[in-house]
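What follows is a single structure, written as structure tokens, with notes after it.
All figures in this text were calculated on a predicted structure; none of them were measured in a lab.
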Amino acid sequence: MKKMRQIDKQNRLRSGLVLAVGVTVIAWTGQALAAPNDAGASEATQQDRIGDHALFIDADGLLAGQADKLHGAEEFDTKWFVLDSAPRLSANAIVLGGLTLGGAVSYLRVARDDYQYTDTSVAPRVGYLIGLGDSFAIWPNVQVGYGRGTQRSNEYDYAAGGGNRSVEHVFQSWRAVADLRLVAKVVDHFGVTAGLGYTNQFAEKSDSGPWDPGRQAISADLGLAAWF
């Protein structure tokens with residue numbers, strides 16, 4: 001038990017350090033770009049304010065730390081995912097001076113030895129871009145959507161008296177996600193993001209079984225963004 005706690009603490013520390021470095025880089029980059037050299041540069045910068053465009057594209061979850069728990073569990077289980085955690089791509093129209101209306105698609109694939117799991121989800125996404133000067137914005141957003149996953153693994157075949165057989169299970173879920181993101185411009189029309197999120201998989205079923213409450217998760221991640 002002590003060893004597991006030590007590993008858990010190391011995972012938390014590693015996640016915190018990587019994300020802290022990422023947020024620091026974002027803040028430094030934004031500050032360096034926030035002070036134009038002359039009036040012409042200032043005017044150009046103002047014309048590329050994040051919220052002053054028609055389309056906002058976001059790719060988040062590229063580098064993420066996550067802790068989750070099953071329904072009824074008392075504590076979150078800390079896990080560490082890098083790059084292939086669950087990249088989520090969204091396209092959002094910017095209307096009414098900052099309101100974003102769009103949709104998100106996420107894809108997860110895990111393959112280890114004789115185990116493979118894939119999950120795809122789609123969801124409408126609503127948020128609001130709050131400008132912080134010319135180079136920063138905060139983007140709170142929410143989404144509610146549907147996900148479908150497939151798990152394939154080799155299991156011992158008791159009916160045949162031995163050997164392994166390939167088994168497939170299909171999972172379906174309804175999930176709600178609340179996300180708070182900091183957006184920092186790196187160059188015109190392009191930036192990096194850092195976010196904190198909460199996911200509630202409020203209904204889940206396996207194969208033809210009943211719908212039951214699923215897992216909850218809290219996460220922090222880094223991503224990319226573009227606006228046109």
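Residues Trp139 and Ser90 come closest through the heavy atom pair CH2-OG, 4.1 Å. For the pair Ala123 and Gln143, the tightest heavy-atom approach, listed with the atom from each and the gap, is CB-OE1, 3.4 Å. Counting all heavy atoms, side chain and backbone alike, Asp179 lies closest to Gly197 at OD1-CA, 3.8 Å.
When hydrophobic clusters are built by joining Ile, Leu, Val, Met, Phe, Trp and Tyr residues whose side-chain heavy atoms come closer than 4.5 Å, directly or via intermediates, Leu101 is not grouped with Val105. Cluster membership for Leu55 and Leu89, using ILVMFWY side-chain heavy atoms within less than 4.5 angstrom, is shared. Both Leu224 and Val186 belong to a single network of hydrophobic side chains, linked directly or stepwise wherever heavy atoms of I, L, V, M, F, W or Y lie under 4.5 Å apart. Residues Tyr128 and Val95 share a single hydrophobic cluster, defined by chaining ILVMFWY side chains whose heavy atoms lie under 4.5 Å apart. Linking ILVMFWY residues whenever their side-chain heavy atoms come closer than 4.5 Å, directly or via other members, places Ile138 and Phe136 in the same cluster.
Counting heavy atoms from C-beta outward, Val192 and Leu222 have side chains that stay 4.5 Å or more apart. You'll find the side chain of Thr100 stays beyond 4.5 Å of the side chain of Arg125, heavy atoms only. Contact check for Gln116 versus Arg109: side-chain heavy atoms found under the 4.5 Å cut-off. Annotation: side chain of His53 is in contact with side chain of His189 (closest heavy-atom distance under 4.5 Å). In this structure, Leu129 and Trp227 have side chains that are not in contact, with every pair of non-hydrogen atoms separated by 4.5 Å or more. Within the 4.5 Å cutoff, side-chain heavy atoms of Pro87 are placed close to those of Leu62. At a threshold of 4.5 Å between non-hydrogen side-chain atoms, the residues Thr118 and Tyr107 count as touching. When side chains are defined from C-beta on, Asp134 counts as touching Arg49, because their heavy atoms get closer than 4.5 Å.
Atom-to-atom distance recorded for Phe171:CZ and Thr150:OG1 is 9.0 Å, nearest 0.5 angstrom. Note that the CD1 atom of Ile57 and the CZ atom of Phe190 stand 11.5 Å from one another [nearest 0.5 Å]. Note: Ser153 OG to Glu168 CD = 10.0 Å, rounded to the nearest 0.5 Å. Distance check, rounded to the nearest 0.5 Å: CG of Asp119 to CZ of Arg148 gives 10.5 Å. Taken from OG1 in Thr193 to CG in Leu182, the straight-line distance is 8.5 Å, to the nearest 0.5 Å. Note that OH of Tyr146 and OG1 of Thr120 are 10.5 Å apart. Values are rounded to the nearest 0.5 Å.
The side chain to side chain contact (heavy atoms under 4.5 Å, CB included) test with Ile50 is passed by exactly one of Ile130, Val183, Ile94: Val183.
Between the side chain of Asn92 and the backbone N or O of Phe56 there is at least one donor-acceptor pair closer than 3.5 Å. No side-chain donor-acceptor contact under 3.5 Å links Asn141 to the backbone of Val126. For the pair Asp68 (side chain) and Ala217 (backbone), a donor-acceptor distance under 3.5 Å is absent.
For Glu75, the CD atom counts as loosely surrounded, since its 6.0 Å shell holds 12 or fewer non-hydrogen atoms of other residues, nucleotides or ligands.
For the 3.5 Å distance criterion, the side chains of Ser121 and Ser106 qualify, holding a donor opposite an acceptor.
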Glu204/Asp212 under side chain to side chain contact (heavy atoms under 4.5 Å, CB included): CA gap, chis, key distance, verdict: CA-CA 5 Å; Glu204 180 184 48; Asp212 293 312; 5.9 Å; no

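Using a 4.0 Å cut-off between charged side-chain N and carboxylate O, Asp221 and Arg88 make no salt bridge.
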